[in-house]
Amino acid sequence: MAKKVKKEVVAKVKLQLPAGQATPAPPVGPTLSPYGINLMQFVKAFNDATKDKIGLIIPVVVTIYKDKTFDLEFKTPPTSVLLKKAAGIETAAHNPGKEIVAKIPRSKIIEIAKLKMPDLNTTDLEAAVRMIEGTAKSAGIQIVEG
């Protein structure tokens, strides 16, 4: 019986790219080229896996092996991106605490918290909601009941 050989990891690289729109141009090319992986293969794999999430920024951890193969581990979009999309705004407040750029219902905050749970350092939904509320406050987004 053949023994399963464990691949030797050369590097783990973290990137944040627009879903379905990665190209070999910066930041992908300069970041991954030193490891000798096929950039077009990476771009195709990333774009195929994220084509249903266009409009969001998707964090990905690229595990690069010695034989120049790679694995992709996708994370949930950054909280600020999800909040801006839910509020329908382009940018956050320039003076958080003094200006409010949008209002979103608490139900949206709970929805975002449930989506972000795998990437947060808590298993408690209420703690996750408080984390999302803190990010919303920092972005100048007011939370209203509903």
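Counting from 1, the numbers follow the sequence of the chain as shown. The figures here come from the full heavy-atom set of this structure, side chains too, leaving out hydrogens, waters and symmetry mates.
V129 is linked by a side chain to side chain contact (heavy atoms under 4.5 Å, CB included) to R106, I109, I110, A113, L125, E126, E133, counting only residues two or more places apart in sequence or in another chain. Looking at residues two or more places apart in sequence or on another chain, you find no salt bridge (charged side-chain N to carboxylate O under 4.0 Å, His left out) involving K51. Scanning for side-chain hydrogen bond (donor to acceptor under 3.5 Å, both in side chains) contacts around N38 gives an empty result, with sequence neighbours left out. In this structure E145 satisfies the salt bridge (charged side-chain N to carboxylate O under 4.0 Å, His left out) test with no other residue, sequence neighbours excluded. Every side-chain hydrogen bond (donor to acceptor under 3.5 Å, both in side chains) that D48 has, sequence neighbours left out, goes to K44. Every residue two or more places apart in sequence or in another chain was checked for a salt bridge (charged side-chain N to carboxylate O under 4.0 Å, His left out) with K114, and none qualifies.
Separation of atoms CG (L32) and CG (L15) is listed at 5.5 Å; rounding is to 0.5 Å. Between atom CD1 of residue I64 and atom NZ of residue K12 there is a gap of 11.0 Å, rounded to the nearest 0.5 Å. Between atom CG of residue L39 and atom CZ of residue F46 there is a gap of 14.0 Å, rounded to the nearest 0.5 Å. The OG1 atom of T123 lies 6.0 Å from the CE atom of M117; values are rounded to the nearest 0.5 Å. Of the inter-residue distances, the one linking I143 atom CD1 with K108 atom NZ reads 14.0 Å to the nearest 0.5 angstrom. Note that the CZ atom of F42 and the OG1 atom of T31 stand 9.0 Å from one another [nearest 0.5 Å].
Counting heavy atoms from C-beta outward, I58 and P77 have side chains that approach closer than 4.5 Å. Proximity of Y65 to V9: side-chain heavy atoms (C-beta onward) are separated by under 4.5 Å at one or more points. Looking at heavy atoms from C-beta onward, Y35 lies out of side-chain contact with V62 at the 4.5 angstrom threshold. Side-chain contact check for P27 versus L17: some heavy-atom pair is nearer than 4.5 Å.
Minimum heavy-atom separation, A86 to I112: CB-CD1, 4.2 Å. Residue A102 comes nearest to I89 through the heavy atom pair CB-CG2, 3.9 Å, listed as atom of the first residue, atom of the second, then distance. Contact detail for P78 and Q16: the closest heavy-atom pair is CG-OE1, 3.9 Å. Nearest heavy-atom pair across P24 and M40 is CG-SD, 3.4 Å. Across L120 and A128, no two heavy atoms sit closer than the pair CD1-CB, 3.6 Å. Contact between T122 and A127 at its shortest, heavy atoms only, is OG1-CB, 3.6 Å.
The hydrophobic cluster containing V28 does not contain V61, counting ILVMFWY residues as joined when their side-chain heavy atoms lie under 4.5 angstrom apart, directly or transitively. Both I57 and V13 belong to a common hydrophobic cluster when Ile, Leu, Val, Met, Phe, Trp and Tyr are linked at side-chain heavy-atom distances under 4.5 angstrom.
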Self-check item: side-chain hydrogen bond (donor to acceptor under 3.5 Å, both in side chains) assessment of D67 paired with T69
Solution: CA-CA 6 Å; D67 64 356; T69 58; 2.6 Å; yes
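Under a cut-off of 6.0 angstrom, the local environment of CD in E99 is crowded, with over 12 non-hydrogen atoms contributed by other residues, nucleotides or ligands.
Just one residue in the list T79, L82, I132 forms a side-chain contact (heavy atoms from CB on, under 4.5 Å) with L115, and that residue is L82.
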